[in-house]
Amino acid sequence: MIKKIGILTSGGDAPGMNAAIRAVTRTAILNEISVVGIMAGYQGLLNGEFNPLTGQSVRGIIQTGGTILRSARCPEFRNVEGRKKGIENLKKEEIDALVVIGGDGTFRGANELAKEYDIPIVGIPGTIDNDIYGTEYTIGYDTCLNTIVSAVDKIRDTGSSHNRIFFVEVMGHESGFIAMNSGLACGADIILIPEQKNQLEKTRHFLAERARQNKSSVIMVAEGVKEGTMAIAEKMKVEFSQFDIRVSVLGYIQRGGSPSARDRILASELGVEAVHALITGEKGIMIGRLYGKMRYEPFTTAIKLHKCADAEFLRIAESIGTYTPTD
Ligand code: ADP
C-alpha cells in the first residue's frame, strides 16, 4: 500500500505544471497518502532536496506559470550510479511511489529507474511541445499557442501598416506542432516545419507569388527548420529586395504566463488520475487523454513513438492561409 508519494517536475517548464502538482497533492491527501515535493527534477532527487507538500502549500498556484517545484536538467541521472543515489534518497525519505511531470526526456529517465528498481512511477505529460505519444495534448501546449496568437496579432498590426513580410519563429526543435497550430490560429500565410523538406524552396515559391500582390504576410517558422529561420530570411531579403522582410523570434515568452483554462483542466484531470493509477497498482505508465478519455500509456511506447506533425493538418492550415488569386 502506498503511503508517501514523491512528485517532481523535470525538463522544460510548462504552464499548468502547478495545476498538476496541486491536483496530485490534493487527491493524495484525500486518500490518506502524504506527498513530498522533490525540488529541481532529478537533480533534487540526487541531492535529497525534499519538501513536504500540504493542502496549504498548493493553495493559490493553479493560476501560476512555471513550477513551484522548480525544474532542471540532470546529466548525472542518465548514469546507473546517479539513479542509484536517487533511489537511496527515496528510501531514506520512505517514499513509496513517484509522479514525474515533464516531457519525453523525463519519461526516459523514469523508465530507466523503473527498469532497475521496483518502484511504481507514473508520468504526467507536461511540455509545451505536444510531441508525446499517447495523449492528444500535453500540459502547457494550449497556453503556449494562446501566447503566440496574441503576439502574432500584434505583429500583424505592424506588418499590415507597413506592408511587411514577417518571419515569426516559434518553438519546436524536432516537431512542428506549435508552428502548425499557431499558424492555423493566426492565419499565417505559410508554415515551415522541421518534418518537411525544401522549406527554403517553399518560401521562395510563396514570395514569388506574393510579389504580384505586394501584401503583408506572416510566415510561421518552427525553430528546428533545417535551413534556419535567419538564413532563410536573409536569402529572401536578397532575392526579393522589393519586400520589407523582418524576423521576429518569439523565444521564451512562449513558455511563460498564466495557464489557459484548458491547460488547468487537463492538468487537474491528469493529476487526479495519476494518483488513482498508483493506488490501483499501476506502474511504468504515463497518463494521457485521448478521444475524450483517460488512458495509460506505457513509458516504453510514450518515449519511442515520437508524435510528428500531421501532413493532413498542414494541408488544411495552408489551404486557408496561403495566397490565392481571389485574395
Ligand atoms: P523533457 O522532459 O522536457 O524532454 P529533457 O530531455 O531535458 O526534458 O529531460 C529531462 C531530464 O530527464 C534530463 O535532464 C535527465 O536528467 C533525464 N533524462 C533524459 N533522458 C534520459 C535517459 N535516456 N536516461 C536517464 N535519464 C534521462
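We count residues from 1, following the sequence as given. For ligands, and for the atoms within them, numbers begin at 1 and follow the listed sequence.
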*Asks:* Would you tabulate the side-chain donor-acceptor contacts of residues 123-132 under 3.5 Å, counting partners in other chains and residues two or more places apart, or write 'none'?
*Replies:*
residue, atom, partner, partner atom, Å
Thr127, OG1, Asp129, N, 3.1
Asn130, OD1, Thr138, N, 3.0
Asn130, ND2, Glu136, O, 3.3

*Asks:* Any ion pair linking Lys237 and Glu234 (charged N to carboxylate O, less than 4.0 Å)?
*Replies:*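 Yes, charged N to carboxylate O under 4.0 Å.
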*Asks:* Can you give the donor-acceptor pairs under 3.5 Å from side chains of residues 172-181 to other protein atoms, not counting sequence neighbours?
*Replies:*
residue, atom, partner, partner atom, Å
Ser175, OG, Phe177, N, 3.3
Asn181, ND2, Tyr141, OH, 2.6
Asn181, ND2, Phe177, O, 3.3

*Asks:* Is Arg262 positioned over the aromatic face of Tyr137, cation under 6.0 angstrom from the ring centre and no more than 45 degrees off axis?
*Replies:*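 Geometry flag: set, cation within 6.0 Å and 45°.
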*Asks:* Could I get the full list of side-chain hydrogen bond (donor to acceptor under 3.5 Å, both in side chains) partners for Arg204, not counting sequence neighbours?
*Replies:*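 So Arg204 forms a side-chain hydrogen bond (donor to acceptor under 3.5 Å, both in side chains) with Glu201, Glu239.
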*Asks:* At a 4.0 angstrom heavy-atom cut-off, what protein residues surround ligand 1?
*Replies:*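 Residues within 4.0 Å of ligand 1: Ser10, Gly11, Gly12, Tyr42, Arg73, Cys74, Phe77, Arg78, Arg83, Gly103, Asp104, Gly105, Thr106, Arg108, Gly109, Glu112.
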*Asks:* Do we see a donor-acceptor contact under 3.5 Å between the side chains of Glu76 and Tyr42?
*Replies:*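 Tyr42 and Glu76 do not have a side-chain donor-acceptor pair below 3.5 Å.
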